[in-house]
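Keep in mind that this is a model prediction, so the values were computed, not measured. No hydrogens, no waters, no symmetry mates; every other heavy atom, side chains included, goes into these values.
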Amino acid sequence: MDLKNVITISLILFAVIDVVGSIPIIISLREKIGHIQSEKTTIFSGALMIGFLFFGELILKFIGVDISSFAIAGSIVIFLLGLELVLNVAIFKQDGDSVGSLVPLGFPLLAGAGTLTTLVTLDAAYGKIEIIVGIIINLFFIYLVLKSTNWLSKVLGKSGLAILRKVFGIVLLSIAVKIFKENIILP
């Protein structure tokens with residue numbers, strides 16, 4: 001295991017997962033569902049990432065879905081999350097507390113199409129152990145952010161949150177369009 005590779009992988013995943021940029025979305029979801037189960041959501045995201053690292057391409061091939069189609073589907077969900085923030089409307093119906101913190105927070109926001117396709121790409125260049133360590137490092141940051149949403153909400157205040165929601169809503173919409181555009185296959 002090469003420490004330099006672990007740092008590189010961790011930084012790549014940190015940029016793709018963008019848990020810091022997702023703070024307004026996480027706070028918005030917390031306000032909507034009441035409580036985010038930080039441990040459960042972190043474990044779910046990690047299991048999804050590690051599972052996809054080992055079996056993702058195989059599962060997608062088995063069901064006849066290519067990585068580009070998977071990424072486009074994830075980009076549509078991310079686009080809808082962005083619309084919720086910008087337009088201040090509820091698109092996702094909540095199925096209950098435990099599901100609400102797993103979907104759409106655990107997937108596709110934290111362990112989404114961008115993260116999962118990045119893992120497949122990293123697997124082609126690095127060892128699985130190095131990638132798993134990079135995932136674990138990022139899970140630590142995810143857990144810290146999820147646990148601190150109450151404090152962050154108080155620090156930012158209602159006005160600060162409203163501004164951040166709009167700004168990050170636009171950023172989320174842009175990311176969704178970028179993922180969509182990069183994976184669309186034109187004739």
Side-chain angles (χ1 to χ4, degrees), residues 9-46 48-49 70-119 134-135 137-184:
I9 292 164
S10 298
L11 291 174
I12 290 169
L13 288 175
F14 188 78
V16 173
I17 294 168
D18 192 23
V19 71
V20 174
S22 300
I23 289 172
I25 302 154
I26 295 167
I27 291 172
S28 176
L29 286 170
R30 184 187 53 81
E31 289 173 355
K32 201 163 35 166
I33 62 177
H35 172 69
I36 292 177
Q37 297 178 341
S38 306
E39 296 84 4
K40 198 179 225 182
T41 303
T42 303
I43 291 168
F44 173 73
S45 298
L48 194 57
M49 286 186 239
F70 181 78
I72 289 170
S75 75
I76 292 169
V77 175
I78 292 170
F79 187 85
L80 293 173
L81 282 170
L83 279 180
E84 275 193 346
L85 293 174
V86 171
L87 302 177
N88 201 24
V89 296
I91 296 172
F92 290 99
K93 294 181 181 176
Q94 296 308 314
D95 295 325
D97 186 35
S98 64
V99 176
S101 32
L102 300 180
V103 178
L105 184 53
F107 176 81
L109 191 60
L110 299 173
T115 303
L116 300 179
T117 52
T118 299
L119 288 169
I135 290 170
I137 290 169
N138 276 276
L139 290 174
F140 173 75
F141 287 109
I142 289 171
Y143 180 75
L144 284 178
V145 169
L146 293 177
K147 271 303 205 192
S148 62
T149 55
N150 284 333
W151 177 79
L152 290 169
S153 184
K154 288 175 189 170
V155 168
L156 295 171
K158 288 190 183 244
S159 300
L161 280 175
I163 292 167
L164 280 178
R165 278 190 189 112
K166 302 295 182 199
V167 170
F168 281 104
I170 295 293
V171 170
L172 212 55
L173 290 170
S174 303
I175 290 169
V177 169
K178 180 180 181 248
I179 292 170
F180 188 90
K181 192 171 74 174
E182 288 175 350
N183 288 283
I184 193 82

(Q) Do T115 and L110 make a side-chain contact, defined as non-hydrogen atoms from C-beta onward lying under 4.5 Å apart? (A) no

Q. For T149, which residues count as a side chain to side chain contact (heavy atoms under 4.5 Å, CB included) partner, sequence neighbours excluded?
A. I26, I27, R30

Q: Rounded to the nearest 0.5 Å, what's the gap from OG1 on T42 to NZ on K147? Could you check?
A: 9.0 Å

Q: Kindly compute the distance separating CD1 (I9) from CD1 (I135), expressed to the nearest 0.5 Å.
A: 9.0 Å

Please tabulate, for the side chains in residues 137-146, all donor-acceptor contacts under 3.5 angstrom to protein atoms that are two or more places apart in sequence or on a different chain.
| residue | atom | partner | partner atom | Å |
| --- | --- | --- | --- | --- |
| N138 | OD1 | F14 | N | 3.2 |
| N138 | ND2 | S10 | O | 3.1 |
| N138 | ND2 | G134 | O | 2.9 |
| Y143 | OH | E39 | OE2 | 3.2 |

**Q.** Summary of salt bridge (charged side-chain N to carboxylate O under 4.0 Å, His left out) pairs that have at least one residue in residues 166-175, sequence neighbours excluded
**A.** none

**Q.** Shortest non-hydrogen separation from I17 to S22 and the atoms involved
**A.** O-OG, 4.1 Å

(Q) How long is the straight-line distance from CE of M49 back to CZ of F44, given to the nearest 0.5 Å? (A) 10.0 Å

With a cut-off of 3.5 Å and sequence neighbours excluded, list every side-chain donor-acceptor pair involving residues 173-180.
| residue | atom | partner | partner atom | Å |
| --- | --- | --- | --- | --- |
| S174 | OG | I170 | O | 2.9 |
| K178 | NZ | E182 | OE2 | 3.3 |

Q) Hey, are the side chains of F107 and L116 touching, using non-hydrogen atoms and a 4.5 Å cut-off? A) yes

